[in-house]
There are 2 protein chains.
Amino acid sequence: MSLDYAILGWLSTGPGSGYDLVRQMDVGLSWFWGASHAQIYPRLKVLEERGLITSEPVTVGTKLEKRVYSITEAGRAAVSAWASEPPTYPPNRDSERLRLIFGDHGDTKAMRRHFETHLDRFEKRKANLQEFLDSVTSRKHQRIEQRIADAPTEALKEIPLAVRTMAYAGDLRRAELEIDWARECLAWLDDFERRHPEESRAG
Amino acid sequence: MSLDYAILGWLSTGPGSGYDLVRQMDVGLSWFWGASHAQIYPRLKVLEERGLITSEPVTVGTKLEKRVYSITEAGRAAVSAWASEPPTYPPNRDSERLRLIFGDHGDTKAMRRHFETHLDRFEKRKANLQEFLDSVTSRKHQRIEQRIADAPTEALKEIPLAVRTMAYAGDLRRAELEIDWARECLAWLDDFERRHPEESRAG
DNA sequence: CCGACCATGTAATATGTTACATGATTGT
DNA sequence: ACAATCATGTAACATATTACATGGTCGG
């Protein structure tokens, strides 16, 4: 289950609460694995039962209790084993592409919204990825620095930075590609509506 | 539920059996929405109960019965309504990117396999998409020609071809990008192993 | 006659979403 | 005091995977 390894992987870079993890799944981590709190909290309990993580309660203010989780040696071993497994790919699922191709009956307003949403989504994503990548390359990302510090040899200290640069830069280029794609589609649609003004209100 | 619309959308281009749909989910359709027979057969029954599709039994040979499904007017209306809804995006989930960034402890063999599998996967995908795109642009794809024939006006006949060209060409470019990415990552890894031959057997 | 493929199903399990539910803290 | 955010949970439901299960057809 990838959610388990998203949690364990993140905890392998330092301790954190369930809520920290929830926020992480919204921002950084969610670029590769998103999950809601309804999934995360129960899963943390399972991982703790299995001895892959431990937790201790921390009191905030006078009453509010939060649990701060840390990865165990067994947890580190589990991440390491999972990371060395052969890649597996889930079936392709892209509901918006599906909507685009089966929405071919001529609702140009819906098509325009489709492309504009796509554009907006990937422009935001590009900005987020760029900002994150900058924080990584300028060595300001605390958790990644921790991973580097944990590496046992000089050579292995290259890896944490390199894999993240590759992964995030790859997704950044993908975001740029999606932006270009959406702009070209919008240009086609502009041209279509110019050539066929009578269809512009079709649904 | 996108699976419902993958089924309905496909049936909107012509009748077909559950098994046809299963194969379709493996090849063409699966580029945007994959599903297994265990999901498809039960779902067809639900869609039929709801009056969105109908079926008639066809006997193959002397005994083998298959059910051939057709979309109803209610089904067409449902697809049309769904296609005009605002886009929704699920959380990002990319288990292989996750494996790459949390596999940063230095198993270069696993990293190499990761990149090679990625390369292989997207080279196959590129070839499939190219072949499909060619069949579409050379007007040899029967179901798409059916969609074009069904369009009520000359202007609207452009849409089925256009949206598919956009969707498949977009994914083709993405496949090319992933291929470039994997090659660059492999080049980095080659360089790393050249610089640090002692780490090449690490795990 | 045998293997590859056609054809359809169910059951158990795993994973993920949405809604419901509660209460504390912090800054204004 | 009030709002935003911190912090954690459960229940019901929806969706998807894996394994189990059966039998027919067609070509060599």
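Chain letters run A, B, ... following the sequence lines, proteins first and then strands; every chain starts at 1. None of these values were measured; they are calculated from a predicted model.
- Across the protein-nucleic acid pair, B/Y41 atom OH and C/dA7 atom P stand 8 Å apart, rounded to whole Å.
- Atom P of nucleotide C/dT17 and atom OH of B/Y89 are separated by 17 Å, given to the nearest angstrom.
- Listed nucleotides: C/dC5, D/dC6, D/dA19. Nearest to the side chain of B/Y19: C/dC5.
- In plain terms, the two heavy atoms of A/W10 and B/F102 that are nearest each other are N-CZ, 3.6 Å.
- Between the C1' atom of C/dT15 and the CZ atom of B/R93 lies a distance of 9 Å, rounded to the nearest Å.
- Between A/Q24 atom CD and D/dC6 atom P the separation is 13 Å, expressed in whole Å.
- Between B/R23 and C/dC5 there is no side-chain N or O to OP1 or OP2 distance below 4.0 Å.
- Around NZ of A/K157, the count of heavy atoms belonging to other residues, nucleotides or ligands within 6.0 Å exceeds 12.
- Considering only side-chain atoms of B/S17, the nucleotide from C/dT8, D/dT17, D/dT25 that sits closest is C/dT8.
- Between A/Y69 atom OH and D/dA7 atom P the separation is 13 Å, expressed in whole Å.
- Within the structure, every side-chain polar atom (N or O) of B/T62 is placed at least 4.0 Å from both OP1 and OP2 of D/dG24.
- The side chain of A/M1 sits closest to C/dG16 out of C/dG16, D/dT8, C/dC6.
- Of the candidate nucleotides D/dA16, C/dG9, D/dT8, C/dG9 has the atom nearest to the side chain of B/K45.
- Between A/V60 and A/A38, it is A/A38 whose nearest contact on DNA chain C lies nearer the 5' terminus.
- If you take CD of B/E65 and C1' of D/dG23, they are 13 Å apart, rounded to a whole angstrom.
- If you check every strand for non-hydrogen atoms under 4.0 Å, A/P90 touches nothing.
- Residues B/T88 and A/S95 approach most closely at O-OG, 3.8 Å, considering heavy atoms.
- In this structure, B/R164 and B/L133 approach most closely via the heavy-atom pair O-CD1, 4.4 Å.
- Spacing between atom NZ of A/K63 and atom P of C/dT25 amounts to 7 Å, rounded to whole angstrom units.
- A pairwise comparison of heavy atoms in A/L100 and B/A167 identifies CD2-CB, 4.2 Å as the closest pair.
- Spacing between atom NE2 of A/H37 and atom P of D/dA11 amounts to 13 Å, rounded to whole angstrom units.
- Both A/L3 and B/P42 sit near DNA chain C, but only B/P42 has its closest nucleotide nearer the 5' end.
- Listed pair A/S36 / C/dT18 fails the phosphate criterion, with no side-chain N or O lying under 4.0 Å from OP1 or OP2.
- Of the candidate nucleotides C/dT8, C/dT18, D/dT15, D/dT15 has the atom nearest to the side chain of B/Q39.
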